[in-house]
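Quick notes on the structure that follows.
Every number for a ligand or one of its atoms is a count from 1 in the order of the listing.
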Amino acid sequence: MTARIIDGKQVASAVHDEVAAGVAEFKKKHDAVPGLTVVLIGDDPASHSYVKGKERACEKVGIRTETIRHDSSITQKALIEIVEGLNADPQVNGILVQLPLPDHLDGDAVIHAIDPMKDVDGLHPENAGLLMLGQPRFAPATPLGVQRMLVEQNVDMKGAKVVIVGRSKLVGMPLTALLLQKGVGANSTVTVCHTGTKDIGAETRRADVLIAATGYPGTITTDMIKPGAVIIDVGVSRVDDATRKRGYRLTGDVDFEGASEVASAITPVPGGVGPMTISMLLVNVLHAAELAVSN
Ligand code: GUN
């Protein structure tokens, strides 16, 4: 079997069009522009590159965007004050503190300081709790993007055996909550594998839909995949590659070549989940702006 390649850029572009139309309508109706502020601390090259992508996407769909950059010498107190200032600014509908933060900062405390109504990352305990209870307000963008891709691919998720490898706060945990809910693109039977799992392959070989989100290249090898499974690769890692001009290439968690021979469909890295993360962030920002005017 040669797997169908799921084109994240194409799905993301359709979502961008929807958001652009929603933003135009919002402007007409409320004479205001939805706004996202990103807080970027330190000089992690991958984080800088992700934030650039977010800025560009906002500009394309008409969302006002600003990035507050600071070097890693910033104190916890100063960072919390920045967040509190954004909470109080009515022009700011969405706040995103790019993660990971430098080691001396307490990321959880910073996320907890964000007004939950502006938490477009869906990481504040109030939003994470609402998602767990099946009453989502803001769900994290990457899980939303994965779900949207599966819906667009007409993957029947009701009753599907889904195995998620990785239990991070940004992906594995919220994706589990999303796919457990009743409704379109969900209602699945979800298993989560992690570093405590005894035999990950035994679990993944049962998966109709296998979602890899560990950030470790080579986590999923061909022998771990059930023939005909749908593979979603959330991992993005930089590996050294002297043949590339920039000296590295991006790779996912899955052995793409091998998996393509066994799976029925697979997301590439890059060009799979990554573009979807950005588009679902835009959806969340527009949603935040709509919630702000409805209050
Ligand atoms: N770092 C990598 N992905 C994300 C994300 O979705 N949100 C935030 N805040 N930081 C990230």
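- Atom CD of Gln76 has more than 12 neighbouring heavy atoms from other residues, nucleotides or ligands inside a 6.0 Å radius.
- Checking Arg167 against Thr195 by side-chain atom types alone, a donor-acceptor pair falls below 3.5 Å.
- Glu203 and Thr197 share no donor-acceptor pair across their side chains, judged by distance under 3.5 Å alone.
- Using modelled atom types, one finds a donor on one side chain and an acceptor on the other under 3.5 Å when comparing Thr214 with Asp253.
- Counting only N and O atoms by type, the side chains of Thr277 and Thr142 include a donor and acceptor under 3.5 Å apart.
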Mind listing the N or O contacts between ligand 1 and protein, cut-off under 3.5 Å?
{"from": "ligand 1", "atom 1": "1 (N)", "to": "Gln98", "atom 2": "NE2", "distance (Å)": "3.1"}
{"from": "ligand 1", "atom 1": "1 (N)", "to": "Leu99", "atom 2": "O", "distance (Å)": "2.8"}
{"from": "ligand 1", "atom 1": "7 (N)", "to": "Asp121", "atom 2": "OD1", "distance (Å)": "3.1"}
{"from": "ligand 1", "atom 1": "7 (N)", "to": "Asp121", "atom 2": "OD2", "distance (Å)": "3.3"}
{"from": "ligand 1", "atom 1": "9 (N)", "to": "Val97", "atom 2": "O", "distance (Å)": "2.8"}
{"from": "ligand 1", "atom 1": "9 (N)", "to": "Asp121", "atom 2": "OD2", "distance (Å)": "2.5"}
{"from": "ligand 1", "atom 1": "10 (N)", "to": "Leu99", "atom 2": "N", "distance (Å)": "3.0"}

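- Between Ile80 atom CD1 and Glu84 atom CD the span is 6.5 Å, to the nearest 0.5 Å.
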